[in-house]
Amino acid sequence: MNETLKLSLQRIRRKIDKSSGYGYLYHYFDNMVKLLKEWQLSNPNDEDNDELISTIFKYKSECDYCKYNSPGWFKYAARCFYCADYLVQFIGNKSLHDCLENELSSTFDMLIDSESISFVEDSLFDKYCLKEHNGTSVRDNYIRAINKAVYTAHLHHPLKSDVEHLAYCGCKFAYKRVLEYIEKYEDFSYLKEWIPGLSTPHLADIWYRFPESYIHDQSRHRHMITSIKRYLDDSLELHLKLWEFWYDYDREEILEVVDSDTLIEVLEVFDDVPFNRLLNGLAQFPANEKVITILEHFTHDDEVWVVNLSRELLKSHINS
């Protein structure tokens, strides 16, 4: 290993020790990778890995910051995991390479149980989720990761863009992995936990109130407000897609496990076409108290077409 590369690796570790900015995650890291690629082309000695291994373990140790209760640290830990994994490819000795990946599997196991999992790159999740570690199966990894992402998805704070970004990342991760899990295992049994667990009424309440409650008071922070609004919009869209997915799979289960107030709050944020479809579908069940409560609620809606539709469906539902 040439002296320039050694110094680069040492400088990275010193900056990490001193928490010197985030250059060691991006700019300095990219420069170091460029030097490593040049070194790799020179047919390096397999024994000349000490500085690189030390740097990998330094990044690995920084992943412990996933335990700190802060969106910034969650994201930081996920990025450190990315850096550590990326550097392993430059280890030419297969046995040592595999050993290091096994070490990172234990770190991944820790990240699964933290909000950091929602920031982990898709390719890394796919790679390490398939590695069974400490007796956990791939299926267990999926379930644990989705559980944590669902929890993360409801951590809203409409005055903090970093918290809203965290909640959005949790929502995006949950949406992708829930559909993937069901396709992979054909197991729909967790939908009744995961989808209500997203706390859609809580998000809908913030989404409704956000423009009036916050924009006028925070006019000097227009960029932050724009970001938060986008996160709320995108999160709500993913929530509703999952609700429709569950509805199309088993709307009877929805009626069994979700209370009428929650269903009303969810239906209220759907666009007209899906709202019409879902309400009509619920009304087709035999007379049901929850359905009656929902339909009666919408007979007092602000929109005339919703009132007329609800009255018509309520009449036919009661007589069914």
Side-chain angles (χ1 to χ4, degrees), residues 143 146-158 163-164 166-168 170-175 177-179 181-182 187-213 231-303 306-307 309-311 313-314 317-318 320:
I143 293 168
I146 294 170
N147 284 341
K148 179 53 72 172
V150 166
Y151 167 78
T152 303
H154 84 277
L155 298 175
H156 296 283
H157 193 306
V163 177
E164 281 305 328
L166 170 65
Y168 166 65
C171 183
K172 184 171 65 170
F173 183 97
Y175 175 77
R177 300 304 174 179
V178 164
L179 298 184
Y181 172 85
I182 288 172
D187 176 10
F188 293 81
S189 64
Y190 287 94
L191 290 179
K192 62 180 177 289
E193 298 175 21
W194 287 335
I195 297 178
L198 292 169
S199 301
T200 304
H202 174 56
L203 170 60
D205 180 58
I206 294 172
W207 182 79
Y208 269 127
R209 293 187 299 107
F210 183 75
E212 292 77 19
S213 301
Y231 296 143
L232 290 171
D233 287 345
D234 292 348
S235 293
L236 188 60
E237 181 182 356
L238 294 175
H239 277 230
L240 297 181
K241 283 182 177 179
L242 284 172
W243 277 98
E244 281 199 84
F245 177 80
W246 187 19
Y247 173 93
D248 289 336
Y249 166 67
D250 191 347
R251 63 190 180 196
E252 186 172 357
E253 183 178 65
I254 292 180
L255 274 181
E256 288 175 1
V257 303
V258 183
D259 63 86
S260 55
D261 287 343
T262 296
L263 287 173
I264 288 169
E265 291 181 82
V266 171
L267 285 166
E268 282 181 335
V269 287
F270 270 104
D271 289 335
D272 291 352
V273 173
F275 170 83
N276 193 328
R277 183 175 80 89
L278 270 60
L279 200 65
N280 268 281
L282 292 175
Q284 289 170 17
F285 281 106
N288 177 291
E289 284 300 319
K290 283 186 183 178
V291 175
I292 291 171
T293 299
I294 292 167
L295 292 173
E296 285 180 341
H297 170 84
F298 286 109
T299 61
H300 303 286
D301 196 79
D302 294 334
E303 296 190 62
V306 174
V307 171
L309 172 66
S310 301
R311 286 175 177 172
L313 292 176
L314 180 60
H317 180 74
I318 290 174
S320 63

Just checking Glu256: does its CD atom have more than 12 heavy atoms from other residues, nucleotides or ligands closer to it than 6.0 angstrom? yes

Given side chains that start at C-beta, do those of Leu313 and Phe298 come closer than 4.5 Å, heavy atoms only? no

What one should report as the nearest heavy-atom pair of Leu240 and Thr200 is CD2-CG2, 4.5 Å

Measure the CD1-CG distance between Ile294 and Asp261 for me, rounded to the nearest 0.5 Å. 9.0 Å

Shortest non-hydrogen separation from Pro201 to Thr262 and the atoms involved: CG-CG2, 3.8 Å

Between Leu155 and Leu166, is the side chain to side chain contact (heavy atoms under 4.5 Å, CB included) condition met? List the steps. CA-CA 8 Å; Leu155 298 175; Leu166 170 65; 4.2 Å; yes

Scanning both residues in full, the closest heavy-atom pair of Leu282 with Tyr247 reads N-OH, 3.8 Å

Locate the shortest heavy-atom distance separating Cys171 from His239; write the atom from each residue and the value. SG-CD2, 3.3 Å

His156 and Glu164: side-chain donor and acceptor closer than 3.5 Å? yes

Kindly say whether Ser235 contributes a backbone atom to a donor-acceptor pair with the side chain of Lys172 at under 3.5 angstrom? no

Using 0.5 Å steps for rounding, measure from the CD1 atom of Ile264 to the CD atom of Glu296. 9.5 Å

Is the shortest side-chain heavy-atom distance between Tyr190 and Ile146 below 4.5 Å? no

So does Val273 get a backbone contact from the side chain of Asp271, meaning a donor-acceptor N/O pair under 3.5 Å? no

Identify the two heavy atoms, one from Val257 and one from Lys290, that lie closest to each other, and give their separation to 0.1 Å. N-NZ, 4.4 Å

Between Arg277 and Glu244 (salt bridge meaning N to carboxylate O under 4.0 Å), is one present in this structure? yes

I want to check something: taking the side chain as every heavy atom from C-beta on, are Thr293 and Leu263 in contact at a cut-off of under 4.5 Å? no

Distance-only side-chain donor-acceptor flag, His317 / Gln284, under 3.5 Å: no

Could you tell me if the side chain of Val307 sits less than 4.5 Å from the side chain of His300, heavy atoms only? no

Evaluate the criterion side chain to side chain contact (heavy atoms under 4.5 Å, CB included) for residue pair Leu242 and Leu238; output intermediate values, then yes/no. CA-CA 6 Å; Leu242 284 172; Leu238 294 175; 5.8 Å; no

Check whether more than 12 heavy atoms from other residues, nucleotides or ligands sit under 6.0 Å from atom CD of Glu303, and answer yes or no. yes

Check whether any side-chain heavy atom of Val266 lies under 4.5 Å from a side-chain heavy atom of Phe270, and answer yes or no. yes

From Ile182 atom CD1 to Trp194 atom CH2, the distance as rounded to the nearest 0.5 Å: 6.5 Å

No-hydrogen, no-angle side-chain donor-acceptor test under 3.5 Å, Asn280 and Asn276: yes

Any side-chain heavy atom of Trp246 within less than 4.5 Å of one from Pro196? yes

Are side-chain heavy atoms of Phe188 and Tyr181 found at a separation under 4.5 Å? no

Measure the OG-CG distance between Ser260 and Leu295 for me, rounded to the nearest 0.5 Å. 11.0 Å

Which value, rounded to the nearest 0.5 Å, describes the distance between Asp301 atom CG and Phe275 atom CZ? 6.5 Å

Looking only at non-hydrogen atoms, find the nearest pair between Tyr208 and Glu268 and report the distance. OH-O, 3.0 Å

Within a strict 4.5 Å, meaning less than it, do heavy atoms of the Tyr168 and Leu232 side chains meet? no

Checking Leu191 against Phe245 for the side chain to side chain contact (heavy atoms under 4.5 Å, CB included) test, could you report, in this order, the C-alpha distance in whole Å, the side-chain angles of both residues, the deciding distance, and whether it holds? CA-CA 9 Å; Leu191 290 179; Phe245 177 80; 4.1 Å; yes

Rounded at 0.5 Å granularity, tell me how far CG in Leu267 sits from NE2 in His297. 9.0 Å

